[in-house]
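Written out below as structure tokens is the structure these notes cover.
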Amino acid sequence: MVMWTDGPLCYGGDYNPEQWPAQVWSEDVALMRQAGVNLVTVGVFAWSRLEPAPGRYTFDWLDQVLDLLHGGGVRVALATPTASPPPWFSLAHPGALPVTADGIRLHHGSRDTYCAATPAYRDAALRITTALADRYAHHPALAGWHVHNEYGTTCHCEHTARAFRRWLTTRHGDLAALNDAWVTSFWSQHYSDWAQISTPRATQYLPNPGHLLDFRRFWSDTLLAAYTEQRDLLRAANPALTITTNYVLGDWVPVDHARWATEVDLVAVDHYPSAVDGGAEEQTALAADLARGWARHAAHRRPGSPPAGGAAAWLLMESAPNQIHTAGRMHTKEPGRMLRHSLAHVARGSHGAMFFQWRAPVGGAERFHSALVPHAGPDSRVFRETVALGAALRQLSEVRGSVEAAVALVVDAASGWALRHPGLPSALPDYHDELAAAHRALWRSGYACDTLTPGDPVDGYRLLVLPALYLIDDDAAEWLRGYVDGGGHLLVTYLSGVADEHARVRLGGYPGALRELLGAYAEEFHPLDAADQVRLDDGGTGRIWAETLRLTGADTVVSYTGGVLDAMPAVTRHRVGAGTAWYVSTRLDDTSYRRLLDTAARAAGVTTVCPDAPEGVEAVRRRDGAASWLFLLNHTDHEQRVPASGVDLLTATPIERAVTLAPGGVAVLREHKG
Ligand code: GLA
């Protein structure tokens, strides 16, 4: 297979020629050439233009577009348009329209109006996929397939309920096991027949946690099956093409991205920070570190050699060239941010930078979402930055390898799902927020950070951080024990290890799965009000959560001070085997969190990427054998000097002692070997 990662860094984005008259296509290709665009996703929502009536295909326009792109040297990731079935489909198959948990059947009028468990939808999706594969699998423009778009919808229809029951029989074997796993002895929920089980629809009061969790797992598997059946068909048509789908990130997403990573040829993620200021950089870094973690997780499980460009290569499949539409308004990116954010992704292993979208449309729901060619046209600041980014990516063509990190966050989708249950001791803890807080603390101090899935190889990591890893099964507990016994350093935060894989609470004191390892356990939780905080004896504060901890071998590092927890341990450290296990029983304020992680990292012998980088300058190193490249990103609005040496690839300038970064500026140094 020819992987995209074997070629130049990918540059381009979603291209929707079906929204434009044919005369615009030639201009598009000319502008793509000017910008250095080399890969576009074509036709991602073009189903009704490709199949205007059942079984009647209109491929002429796509033939022309692909030929034009090929002539212009632009490769194509041809999309299967299955994320937006046409109106005729919904009319013919009303039973394939999705049903919400409240039992409301949604109607056509937006996109994603299908149920992925419904045979009529799956059949229609396979038919259009087959037609595309038959016609284009060997088209010279094709670099690969972009299956669907952002799998992430859910459904509660009868087809789904039937599929859920089938899935449950495979998972649990018999009803006794299911009743045990879901603790149905509570509230008279015992099931005596599979037919009694439905999807977790809206109900009177709190739903069953095991039921909810299994539904999430089932739905991730269902969407994955919808993906893999398209993939298998496309693979059979031409085994040489890269096949992937673009992940949508968010804690609402019912997809276990780590598990999916083993089924895509290249992990591809869409990333839109929630705003352009106030944390966009740290959100970018976390998203990219997660993507690399999923890619590495898959590489460990896949037989054969890792892809060129490193075992952890992935691709930023969508990002915004300019405005980001969140929190009720568009947030405009200031000049330079598109380049800086794109390079933040490339620094962390993305094999390029792709955007939504190529050209801003005149109408449609997302007419004001940003584009590389904005409404103003190519004579615009954004298009000039588009051209500049294309040039920058070409200058970085030699960059290879991956980030080398000695610290890793342990991440698990199911823990995030379980923590969304409304019956937890507090509604305040938010899994993504817990991950982000730990990652932010490491990022601000300048540590390179990987992300791991429980069970992944831990060789080379000196410090593992477990933010709110709520579900820990026996294997994961053993994996952590082995890591610490072998000399690893582990930092665990509250709400980790409280429950087993079925979301059943482990008895004997929290966190049941890690009690012995931590040499401490919590007898009681003390969740806090949103406005409250607890004081700590090192001057720091905690919020959201606190605990009554009892020590069974650990030392107190920081204590609560004042209130009912006065003088009780808040942060503990346990030396066990050849390693150390830390426990943090509250959500530390950012400064304290950073200080604690710094202490733990230093104790573990971990150093930052670029110890002399000033605050606000992000430093990321990619390494391939003896060669290394240092990315320096100045996120401040003033000039910064960073001690470093090498050759700045963006300006082809040798750097002897220090590089000067303009406000918001970037440099990528090929470092001297040795
Ligand atoms: C997602 C989708 C795109 C588009 C963008 C808008 O990432 O995949 O189709 O809707 O968001 O920001």
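Everything numeric here is computed off the predicted structure, so don't read it as measured data. Start at 1 and go down the list; that is how both ligands and their atoms are numbered. We use all heavy atoms of the structure for the numbers below, so side chains are in, but hydrogens, waters and symmetry mates are not. Residue indices begin at 1 and follow the sequence shown.
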With heavy-atom distances below 4.5 Å as the criterion, would you say the side chains of [X] and [Y] are in contact?
X     : Y      : value
Val76 : Tyr136 : no
Val40 : Trp358 : no
Pro85 : Tyr121 : yes

Check each N or O atom of ligand 1 against all protein N or O atoms and list the pairs under 3.5 Å, with atom names and distances to 0.1 Å, one per line.
| residue | atom | partner | partner atom | Å |
| --- | --- | --- | --- | --- |
| ligand 1 | 7 (O) | Glu150 | OE2 | 2.5 |
| ligand 1 | 7 (O) | Glu318 | OE1 | 2.4 |
| ligand 1 | 8 (O) | Asn149 | OD1 | 3.4 |
| ligand 1 | 8 (O) | Asn149 | ND2 | 2.9 |
| ligand 1 | 8 (O) | Glu150 | OE1 | 3.3 |
| ligand 1 | 8 (O) | Glu150 | OE2 | 3.2 |
| ligand 1 | 8 (O) | Glu318 | OE1 | 3.1 |
| ligand 1 | 8 (O) | Glu318 | OE2 | 2.7 |
| ligand 1 | 9 (O) | Arg111 | NH1 | 2.9 |
| ligand 1 | 10 (O) | Arg111 | NH1 | 3.1 |
| ligand 1 | 10 (O) | Arg111 | NH2 | 3.1 |
| ligand 1 | 10 (O) | Glu366 | OE1 | 2.8 |
| ligand 1 | 10 (O) | Glu366 | OE2 | 2.7 |
| ligand 1 | 12 (O) | His369 | ND1 | 3.1 |

List the atom pairs, with distances to 0.1 Å, where a side-chain N or O of residues 140-148 and a protein N or O form a donor-acceptor pair under 3.5 Å, not counting sequence neighbours.
| residue | atom | partner | partner atom | Å |
| --- | --- | --- | --- | --- |
| His146 | ND1 | His148 | O | 3.0 |
| His148 | ND1 | Thr82 | OG1 | 2.8 |
| His148 | NE2 | Tyr114 | OH | 2.8 |

So with a 6.0 Å cut-off around CZ of Arg440, is the heavy-atom count from everything else above 12? yes

Would Asp379 and Arg384 pass as an ion pair if we require N to O under 4.0 Å? yes

